[in-house]
2 protein chains.
Amino acid sequence: MKEHLPKFESAISIDCVIFGFEAGELKISLIERSAEPYTDWWALPGNIVKQDESIEAAAERILHELTGLHDLHMEQFHTFGDVNRHPSGRVITVAYYALIRINHQDELRPVNQEQLAKKAFWHSVNDLPKLAFDHTEIFKYGFDQLKRKLNYQPIAFELLPEKFTLTQLQQLYEAILCKKLDKRNFRKKMLSYGFLKELDEKQKNVSFRAAKLYKFDRRKYAKIFQSELSASEK
Amino acid sequence: MKEHLPKFESAISIDCVIFGFEAGELKISLIERSAEPYTDWWALPGNIVKQDESIEAAAERILHELTGLHDLHMEQFHTFGDVNRHPSGRVITVAYYALIRINHQDELRPVNQEQLAKKAFWHSVNDLPKLAFDHTEIFKYGFDQLKRKLNYQPIAFELLPEKFTLTQLQQLYEAILCKKLDKRNFRKKMLSYGFLKELDEKQKNVSFRAAKLYKFDRRKYAKIFQSELSASEK
DNA sequence: GCAAAAGTGTTGGTATTACACCCATGT
DNA sequence: ACATGGGTGTAATACCAACACTTTTGC
């Protein structure tokens, strides 16, 4: 079953830290390697950039192949280029994080082009196995970046279902920031921004009082953000 | 006089946005190209990563060759990999910004290894010429990053002389953030952090009231930063 | 004495923190 | 009825923004 990598001089790859949120936990998608090197280790999903495609396009293609999904929120965060990070040759990797909505009717469907896309499994970020290559370092770097971005970009809503409760939103913030937040203060602040739209709908199938559902209003967010920008320009 | 580049398949380069601060203005270092392509255009200084050196080491080497200086504050901020960004072949470039103290006794002395390091000139970031390749985009990206970092890293002190006045510090903040700040509020806030050490010394050779000089106290800063971290962990 | 920049406090508003109880629902 | 999470307000404090005049020095 072992594939064998040809020796090579130098290559550029993309590695992806794919974040998802499920059952109150922040998770990332990992594959179990079946090929040399690092056989049977867990690793970040990734692939090689082609000679005639841009880094950006490669990242989109690779993420599509890995997940079957399009138009995900993704962002480059660092390029890792130690000489010996890959035992088979020089591989410089450009790392991206991506945010996806986990839902179980609709599992990730890797597009099986080239037999390279393997089935991926979700792992809680608080309980990761050792990762192949320098992937642990890459993950840490990406997670850090995510934390920082949370303060000034509406990335949380890329990880939640379209309709969500404030408690879910809070749990997600807690998971990303790695700290507990006060419920009342959190709600007050979030609602004060004015970009959450309260729906006429409640949670279903819960064995306790159902919570109101909310939606992220992208247009209002854009308006608010824009006026902030122009205010700071004057 | 024209050098001629050989055609090549693919290469990795480092490009540097080297920031300096002088006469109240934020500047970057540009070189005027003498070779094809983009002959006579201004460009960010940079060079090719060697087969057997890490990205990080390459960045340090190249920056040293360009400036003659060691141990500069530098930071990778983005990798640019459009297919046609370089007319002579595929060149993926990893961009770094670096911060240096401009002082005129001690001009930048490029180390002339390989004839590639050319004399560089300082240009105000508010009045840049058109740049070769995608270097304008690279610059903008790096400048944005610098703005953001200013909020949570003590990078200003890498751009100022060891001893500086509060007015200089403020001018630098204004230049990076592209907005005016209130003098009293700025001073109050800076001094409240507690990492500026007031010296028993004043400015010399000025034709007006001499200002007190201050020094950045790295040890105090580290202490403060550390206790902040541990406070947010609890 | 005048030009040029240094230096200095107060106030009002806004944002952040800390904190505890009742409510609605399903079992 | 009870267990589970949903939902709510207030007071104290810290932080930020706006604002104008006096002082020192070199010429």
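For the numbers below, each heavy atom of this structure counts, side chains included, while hydrogens, waters and symmetry mates do not.
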Which whole-number value in Å describes the distance from [X] [atom1] to [N] [atom2]?
X        : N      : atom1 : atom2 : answer
B:Lys189 : D:dC15 : NZ    : P     : 10 Å
B:Lys183 : D:dT22 : NZ    : C1'   : 11 Å
B:Leu181 : D:dC15 : CG    : P     : 19 Å
A:Leu169 : D:dG7  : CG    : C1'   : 15 Å
A:Arg184 : D:dA12 : CZ    : C1'   : 15 Å
A:Phe208 : D:dA1  : CZ    : C1'   : 19 Å
B:Asn151 : D:dC16 : CG    : C1'   : 14 Å
A:Asp182 : D:dG5  : CG    : P     : 18 Å

Side chain proximity check, B:Thr167 to B:Arg187, heavy atoms < 4.5 angstrom | yes
Does any non-hydrogen side-chain atom of B:Cys16 lie less than 4.5 Å from one of B:Tyr97?
->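 No, their side chains stay 4.5 Å or more apart.
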Is a side-chain donor-acceptor pair under 3.5 Å present for B:Glu60 with B:Tyr96?
-> no
Earlier contact from the 5' end, DNA chain D, for A:Ser207 and A:Leu191 = A:Ser207
Mapping A:Gln168 and B:Asn185 onto DNA chain D by nearest heavy atom, which one lands closer to the 5' end?
->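 The residue mapped nearer the 5' terminus is A:Gln168.
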Just checking B:Thr167: base, sugar-phosphate only, or nothing, at a heavy-atom cut-off of under 4.0 Å?
->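 Sugar-phosphate only.
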Which part of the nucleic acid, if any, lies within reach of A:Lys212 when heavy atoms closer than 4.0 Å are counted: base, sugar-phosphate only, or nothing?
-> sugar-phosphate
Does OP1 or OP2 of D:dG7 have a side-chain N or O of A:Arg187 closer than 4.0 Å?
->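 Yes.
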Donor-acceptor pair under 3.5 Å, A:Arg209 side chain vs C:dA24 base | no
What about A:Lys188, does its side chain sit under 3.5 Å from the base of D:dT10 through a donor-acceptor pair?
->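 Per atom types, the contact qualifies.
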Worked check of salt bridge (charged side-chain N to carboxylate O under 4.0 Å, His left out) between A:Glu158 and A:Arg218 | CA-CA 11 Å; A:Glu158 306 291 333; A:Arg218 216 162 274 285; 3.3 Å; yes
Less than 6.0 Å separating the ring centroids of A:Tyr214 and A:Phe164?
-> no
